[in-house]
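Encoded as structure tokens, the structure appears first; notes follow it.
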Amino acid sequence: MRIYNTMTRQKEEFVPIEPGKVKLYACGPTVYNYFHIGNARAFITFDVVRRYLEYRGYEVTYVQNITDIEDKIIAQSIKEHIPFTEVAEKYTKAFLDDVERLGTKRPTFQPKATEYIQHMIDLIKEQVDNGFAYESGGDVYFAVTKLPQYGQLSGKKIDDQKAGARVEENENKQHPADFTLWKAAKPGEPSWSSPWGKGRPGWHTECVVMSRDLLGVTFDIHGGGTDLMFPHHENELAQALATTGKPLANYWMHNGFLNIEGEKMSKSLNNFFTAREILDVYDAEAIRFFFLSKHYRSPIDFNRELIEESKTAVQNFYTALSDLNWLTINPEQIELPEQLNKYIIEFNEAMDDDFNSARALAILFELVGKAKNTTTALLERQAAAKLMVQLGSVLGFFQNTEAHLTQAIDPEKLKLIEALVQQRNLARQNKDWAASDKLRDELIALGLEVKDTKDGTVWKLL
RNA sequence: GGCGACAUAGCCAAGCGGUAAGGCAGAGGUCUGCAAAAUCUCCAUCUCCGGUUCAAAUCCGGAUGUCGCCUCCA
């Protein structure tokens, strides 16, 4: 299995620290608002990474942090006139709800920043003691110039930054690129006691202490959105190096950004969509398909037509299952013939190559074709469907097949439909095609698909 | 100013030196009373210009274009 490692800018053979086990950390949300469709991409990306590693037989420990104390949360608490803890609770719950609707598997651990305050203070203290951090005006900063490797991950040199980039002006800092480890509390702000007075930890410290606590000093994979590479991940790495001298993680994975109709998503452009808004309109698997149809590292452009296309594409899976009356079958009794092995091999090859989900989806469609092919034996079709479900599940599809295949239809409508079908059958028997066609139009107007097969008329909701 | 990514059919998208996967949309044949579904068939030489090579979408150089990061951000 090969993974593109941001640290080395190339695909590398994946070798876990401990054979058979993978320790994975991916940055979770700051719970100050509902998360947006771009966040959803990151969650789905690492959900698939995790699922695939498990499918490949690894025991995966997956940690996703929840940042429940941060400047934006404080700002939101002022805006909503409620304590910051209520803001955090409200949006943590929303996060967990939405992420479940997206169909992501619950991480092994979802630690909260506020549960790790003491750990963070300890880590900051360690850095001060080691001479990598300094206290200034109640704040504590990390001195980037003390760490020669600083910039290693993002490929940035401290001195290059000064030329054109805007760097926050702060008299307390020794160097403009120094970042905050501990922030002194202003009156009224939530705070914790520390050797440097009352304040709160900076964001970059929490991932270091949580990962160390739950995964160990160096773990296997650290993931997140590409924008987190700098400064967030760079600053995490710096703190790990400053305290242990060892790298934080062996592989760094970064998912690409999502744009909205070619433009960066932002509130000012009024093209900002929360995941729950999208989930209210589109099926979670259509959204998943949309993301997985492109490689996770590429930028992706979100627009309605593409989601519609994805929706149609996913329907193919379920049409195949529906045609086979999948819910009446016990898949365990279907044996996979050897001819299907090549699809498994191709699927694994695709996913082994830095999680090439777009290629993996193509294999699913080859299986759809086999499952739908009415010119072949039923058992062959069922076997293809079984494999499609198996491999699709690795990508997070088919989590709720029953709901997708069961048509919720209200009894009144059902009666009407059945009556119309009955009338139409009569008309067809009498070869009254005009009446038959008219009745079919009525059925189609009800949102149905109508097929006349050898065994009679079949209909289903679209 | 620094760093980086990308450019493949109407749209989305794989491909990473050996002659263009897949999805959506579209066209035609079979089947059907007609449809639908199914099935068969068709639909690109890879932004441009040079170079390396027996061979390039794939490597190198250049041009053009698009996008991202350097500031909170998935």
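Lettering of chains follows the sequences in order, A, B, ..., and the numbering in each one begins at 1. Predicted model, so just to flag it, every value in this text is computed and none were measured.
- The C1' atoms of B:rC43 and B:rG22 are separated by 15 Å, rounded to the nearest whole Å.
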Contact string for nucleotides 21-28 of chain B, one letter per nucleotide 5' to 3', B = base within protein heavy-atom range under 4.0 Å, S = sugar-phosphate only, - = neither, reads BSBB----
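- Taking the P atom of each, B:rA74 and B:rA36 are spaced 47 Å apart, rounded to whole Å.
- One P atom belongs to B:rU47, the other to B:rG29, and the distance between them is 35 Å to the nearest Å.
- Under 4.0 angstrom from either OP1 or OP2 of B:rG33 there lies no side-chain N or O belonging to A:Lys431.
- Here A:His36 lies in heavy-atom contact (under 4.0 Å) with a base.
- Across A:Asp452, A:Asp441, A:Asp432, a single residue satisfies salt bridge (Lys or Arg N to Asp or Glu O under 4.0 Å) together with A:Arg424, and that is A:Asp452.
- Contact annotation: side chain of A:Asp452 to base of B:rC34, donor-acceptor pair present below 3.5 Å.
- Using modelled atom types, one finds no donor on one side chain facing an acceptor on the other under 3.5 Å when comparing A:Tyr25 with A:Asp220.
- Shown here, B:rA25 forms no base pair; nothing in the strands shown gives a Watson-Crick or G-U wobble contact with both key distances under 3.5 Å.
- At least one side-chain nitrogen or oxygen of A:Lys294 sits closer than 4.0 Å to the OP1 or OP2 atom of B:rA13.
- Across B:rU8 and B:rU66, the matching C1' atoms stand 15 Å from one another, rounded to whole Å.
- Judged by distance alone, with hydrogens and angles left aside, A:Asp227 brings no side-chain donor or acceptor close enough to the base of B:rG68 to form a pair under 3.5 Å.
- Protein atom CZ of A:Phe355 is 16 Å distant from nucleotide atom P of B:rA14, rounded to whole Å.
- Between the P atoms of B:rU19 and B:rC24, the separation comes to 26 Å (whole Å).
- Remark: the A:Asp227 side chain and the A:His232 side chain contain no N/O donor-acceptor pair separated by less than 3.5 Å.
- Comparing the P positions of B:rC59 and B:rG17 gives a spacing of 8 Å, expressed to the nearest Å.
- For the residue pair A:Glu277/A:Thr274, the side-chain donor-acceptor check at 3.5 Å is satisfied.
- Here A:Arg304 lies out of heavy-atom contact (under 4.0 Å) with every strand.
- A distance cut-off of 5.5 Å between ring centres, combined with a plane angle under 30°, places A:Phe257 in a stacking arrangement with the base of B:rA74.
- Using cut-offs of 30° and 60° for the angle between ring planes, the A:Phe347 and A:Tyr55 rings count as perpendicular.
- In this structure, B:rU58 makes no Watson-Crick or G-U wobble pair, since no nucleotide meets both defining distances under 3.5 angstrom.
- Using the six-membered ring where Trp is involved, A:Trp252 and A:His233 have ring planes that are tilted, between 30° and 60° apart.
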